[in-house]
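Only one structure is covered here, and it is reproduced in the block below.
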Amino acid sequence: MSVSGERLRHPLAERLSAGFEHRYGDGFVVTRPGGLVMPAEFLLDAQRVHDFPVRQDDVWLVTFPKSGTTWTQELVWLLMNDLDFETAKETCITKRFPYLEHVSLVPAAVRQGAPDSIRQAADQPAPRLVKSHLPPALLPRQLWTVKPKIIYVARSPKDAATSFYYHNCLIHGLKLSLDEFLECFLADCVQFTPYWTSVLEFWKLRNEPNILWNTYEEMKQDLGAVIRKTAAFLDKEVTEEQVRQLEQHLSFSSMRDNPATNYGGVVEASRQRLRLPPAPGGLSFMREGQVGASRRRMSPEMDRRFDQWIRDHVRGTDYSGPL
Ligand code: PPS
């Protein structure tokens, strides 16, 4: 099937596009298939992503953005690499665990010279580790026939959306207020939305033998249990001493202070490319790392609208993931 898209004509999409100032000047498209909102640039690569050759021994990590992807990448990389903490601290996670469609988020105007993330993902030695934020319809179609191991991580939509707002401010210099951004989010006018397409479609797939469903909230509540469950899924044995070492390495403060996981260089490079001043104090990729804190940041009115939107989307489903 070929991937195409149509310009998203919605006043909130125009407002969001304008809020990015330098970025996404060509606006957003809605893809077919998938109905995913993406910057228009995505269409340059969407077919290559969809046709990406998959291998049986790959390990794929799929999430809606800001749902605990980096946290899980670090865990999976370590499990797949004999707990090599030294290399993990020396090499940026983006090199160790490529982000498949990343190149397609780079505006066409500054794309020359940007690393080809699709090639990086393809060229890894086996077993390859691949991160993606795409919904099933846009992921490589061979995923559904070759059936490698896939880990999906879900996070409460309020927390993921709020984290995504700060991410866009930090990396793309977004100039909207949190409530303005969340309004765009609820209207499915933000890149990678609709949130529910990703979460509900993977919820339906969660009992497939090659799929593991994890949540950010479980990781916060009992990281040791998620480490053991993920290791078992990957056919890796871990001793209790190794679980303790992993818990220590994967703590919020360790990952925040670790240049290989805190994306400091990536943030700086993006801000320089966009001629933005250094990031405002206190704002970093490893931002808050909490469950439920977003409710205190959005207005009470937005919190109510979010609750209604959640009820509207889970009604009639058996979804019992994080809300
Ligand atoms: S991305 O850009 O989509 O890959 O972002 P992602 O890694 O999915 O999500 C970033 C959020 O995860 C938080 N995070 C952590 N929380 C707790 N403990 C650890 N170790 C950890 N590592 C990352 C990170 O702080 C972002 O959430 P917020 O709510 O913004 O703090």
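Whatever order the structure lists them in is the order used to number ligands and atoms, beginning at 1.
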Item to check | Near ligand 1, at a heavy-atom separation below 4.0 Å: residues by chain and residue number | outcome: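 These residues qualify: Pro65, Lys66, Ser67, Gly68, Thr69, Thr70, Trp71, Lys131, His133, Arg155, Ser163, His167, Tyr216, Leu250, Ser251, Phe252, Met255, Phe285, Met286, Arg287, Glu288, Gly289.
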Next on the checklist: Tell me if a side-chain donor or acceptor on Gln272 pairs with a main-chain N or O of Ala269 at a distance below 3.5 Å.
Outcome noted: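 Judged by distance alone, no pair lies under 3.5 Å.
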Checklist entry - Short question: side chain of Asn81, backbone of Trp77 - any donor-acceptor pair under 3.5 Å? => result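 Yes; at least one donor-acceptor contact below 3.5 Å.
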Checklist entry - What residues form a side-chain contact (heavy atoms from CB on, under 4.5 Å) with Ala232, not counting sequence neighbours? => result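 Counting only residues at least two positions away or on another chain, Ala232 forms no side-chain contact (heavy atoms from CB on, under 4.5 Å).
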Checklist entry - Residues in side-chain hydrogen bond (donor to acceptor under 3.5 Å, both in side chains) with His102, at least two apart? => result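 For His102 there are no side-chain hydrogen bond (donor to acceptor under 3.5 Å, both in side chains) partners, ignoring immediate neighbours.
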Item to check | With sequence neighbours excluded, residues passing side-chain hydrogen bond (donor to acceptor under 3.5 Å, both in side chains) with Thr69 | outcome: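 side-chain hydrogen bond (donor to acceptor under 3.5 Å, both in side chains) list for Thr69, sorted by chain: Thr63.
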Checklist entry - Would you say Glu237 has more than 12 foreign heavy atoms packed within less than 6.0 Å of its CD? => result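 Counting neighbours around CD of Glu237, 12 or fewer heavy atoms of other residues, nucleotides or ligands fall under 6.0 Å, so no.
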